[in-house]
Asker: 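Pasting a structure below so you can have a look.
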Amino acid sequence: MSTLVSVAELPAHVGESVTLRGWLYNKRSGKNVHFLEVRDGSGTTQVVVGASDVSAEAFAECDGLTQETSLSITGTVHAHPKRPGVVEVHGTGVTVIGRPSGEFPISPKEHGTDFLMDHRHLWLRSKRQHAILRVRHTIIKAVRDFFDGRGFTLVDAPIFTPNACEGTSTLFETDYHGDPAFLTQSGQLYMEAAAAAVGKAYCFGPTFRAEKSKTRRHLAEFWMVEPEVAFLDLAGDMELAEDMLVFIVERVLAERRAELAVLERDVSKLESVKKPFPRITYEEAIGVLAKAGNPAKYGDDIGGDEETLISSAYDRPVMVHRYPREIKAFYMKGDPDDPRAALCVDVLAPEGYGEIIGGGQREDDLEILTRKIQEHRLPLEAFQWYFDLRRYGSFPHAGFGMGIERCVAWICKLPHVRETIPFPRMLNRLSP
RNA sequence: UCCAGCGUAGCUCAGUCGGUAGAGCAGGCGGCUGUUAACCGCCGGGUCCCUGGUUCGAGUCCAGGCGCUGGAGCCA
């Protein structure tokens, strides 16, 4: 009798007869032997089928197998004769479950970006994409475990929102029973309400930006984790972000070494992600840029090139805090010690990945908040519920948002965020 | 929205000075080897993105359009 096992479980069954089910990834054939490379989602293994081990019909059928045929394979688990620590299966029976109706579009050779994106549903089966999916999963699980382990409560934010919280130009508008509704850009305002209910809240869900951005760092639909904590100040907020990133990186290093190896990720770069992260003020960052010959001056926003310049000076994420108030959102609290600055922070990932986290302390004074919303020319009536949070026991609070895809791109060292999400939505792509 | 580059076989690409279409891979057939993106031989495979223009002649030059890629702005 053979046991039904996954590829990942094979090393525990050396010497036993097992049955595997999976898909043919590649095949190398000789006159008297076939080498079938089979993947089942848990891993990939080589199945050796010798002419004398199976019936003549079964051996002949192996000869005609094409890529992505789904198979049931029975055989004995052996150590690989040439590769120490690797096992293989000596097949005694091969049964076709599903035969491809045509040539599988994605061969193990090179393909262009557009072609691969058109076949994203099939591209996911490749080793590299499989590795990314698993790292993404581990990062998300680590985020959840991190907050859950610190007394946070997951509070889901709505996807449909009635108003624009940071201007309408970057929002997707939908028809909500005759009224306009927008797909959420951020759950933050709702998390502020949640923080007053549970103290420490976080949400994790999809967010939408209609920006006409076509860069390696932008998606129209991306997943964001947003913690919000009552009675937390900017310094505490930065520590929270720092602890979270260290936790995530440690978890990935502990559980996803094999996937990082598939991605050819230099793990020593991740191993240096330890506390403390450098903290520099925006003003200091401008000074660093000036020294490097960059023309940026106080009041300018820090663009992609500038972020790379700053972050390349460090071997771990760098936190840039206290940006000028004018270039930040209305809900940022002003720095009582610097009339020009806001109590906010951006966390820049190393190796040129730039901003992965944005956050800060929120304005908790009703009068100031009202004035700033007017200055930003936003409709006051839409924010009445938000003002209630200041009317009924206002409290200092802070939080941040981290884009999961940018985090995955950095940890996997991917050239583009489109590979970090199973089915990316971008400026010119809505399918598959 | 703006700037730059690209569009040739199923896929990845080459195609010189404007002269009538080429390779590798994939597919088919055969061979061979405990093979590792296996290898060797043979075969089939083209709306050269579209429209118009220049020319005896356009994959090649020009104009417009479409698509893709990267970047800027904006952001996570």
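Proteins get letters first, then strands, A, B, ... in listed order; numbering begins at 1 in each.
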Asker: What donor-acceptor contacts under 3.5 angstrom involve side-chain atoms of residues 47-57 of chain A, with partners at least two apart or in another chain?
Answerer:
{"residue": "A/Ser55", "atom": "OG", "partner": "A/Ala58", "partner atom": "N", "Å": "3.1"}

Asker: Nearest whole angstrom, please: distance from the C1' of B/G10 to the NE2 of A/His119.
Answerer: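 Distance, rounded to whole Å: 9 Å.
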
Asker: Return the value, rounded to whole Å, for the distance between atom NE2 of A/His218 and atom P of B/G73.
Answerer: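 From A/His218 NE2 to B/G73 P: 10 Å.
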
Asker: Please give me every residue in residues 88-96 of chain A whose heavy atoms get under 4.0 Å of an atom in RNA chain B, ordered by residue number.
Answerer: A/Glu88, A/His90

Asker: Can you sort out the partners of A/Ser29 under side chain to side chain contact (heavy atoms under 4.5 Å, CB included), two or more places apart, ordered by chain and number?
Answerer: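 For A/Ser29 the side chain to side chain contact (heavy atoms under 4.5 Å, CB included) partners, ignoring immediate neighbours, are A/Lys27, A/His34, A/Asp63.
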
Asker: Given the P atoms of B/G70 and B/U54, what is the spacing between them in whole Å?
Answerer: 38 Å

Asker: Can you list the residues that meet the side chain to side chain contact (heavy atoms under 4.5 Å, CB included) rule with A/Leu430, with sequence neighbours excluded?
Answerer: A/Arg425

Asker: Check for me whether the distance between the ring centres of A/Phe152 and A/Phe146 falls short of 6.0 Å.
Answerer: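 A/Phe152 vs A/Phe146: aromatic centres not under 6.0 Å.
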
Asker: Can you list everything that forms a side chain to side chain contact (heavy atoms under 4.5 Å, CB included) with A/Pro396? Sequence neighbours excluded, please.
Answerer: A/Phe231, A/Gln361, A/Asp364

Asker: Suppose we screen for side chain to side chain donor-acceptor pair (under 3.5 Å). Which residues come up paired with A/Glu239, at least two apart in sequence or across chains?
Answerer: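 A/Glu239 satisfies side chain to side chain donor-acceptor pair (under 3.5 Å) with no other residue.
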
Asker: Looking at residues at least two apart in the chain, or sitting in another chain, which of them share a side chain to side chain donor-acceptor pair (under 3.5 Å) with A/Gln374?
Answerer: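 With neighbours one apart ignored, the set is empty.
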
Asker: Compute the centroid of each ring, for A/Tyr190 and then for A/Tyr386, and state whether the two points are separated by less than 6.0 Å.
Answerer: no

Asker: Classify every nucleotide of nucleotides 22-27 of chain B by which part a protein heavy atom approaches to under 4.0 Å, writing B for the base, S for the sugar-phosphate alone and - for neither, in 5'-to-3' order.
Answerer: ---SSS

Asker: Show every salt bridge (charged side-chain N to carboxylate O under 4.0 Å, His left out) that has at least one partner inside residues 348-359 of chain A, sequence neighbours left out.
Answerer: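 The answer is A/Arg265-A/Glu351, A/Glu351-A/Lys413.
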
Asker: With sequence neighbours left out, which residue pairs that include part of residues 305-315 of chain A fulfil the side chain to side chain donor-acceptor pair (under 3.5 Å) condition?
Answerer: A/Asn294-A/Glu306

Asker: Is the base of B/U36 touched by the side chain of A/His80 through a donor-acceptor pair closer than 3.5 angstrom?
Answerer: yes

Asker: Record whether the side chain of A/Arg28 comes under 3.5 Å of the base of B/C39 through a donor-acceptor pair of N or O atoms.
Answerer: no

Asker: Which atom pairs link the protein and nucleotides 1-8 of chain B when you take only N or O atoms and keep those under 3.5 Å?
Answerer:
{"residue": "B/U1", "atom": "O4", "partner": "A/Lys212", "partner atom": "O", "Å": "3.0"}

Asker: Hey, is A/Phe222 doing a stacking thing with B/A76, by the 5.5 Å centroid and 30° angle criteria?
Answerer: yes

Asker: Can you run down the salt bridge (charged side-chain N to carboxylate O under 4.0 Å, His left out) pairs that involve residues 66-77 of chain A, sequence neighbours left out, and say none if there aren't any?
Answerer: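 Passing the test, one end in residues 66-77 of chain A: A/Arg39-A/Glu68, A/Glu68-A/Arg125.
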
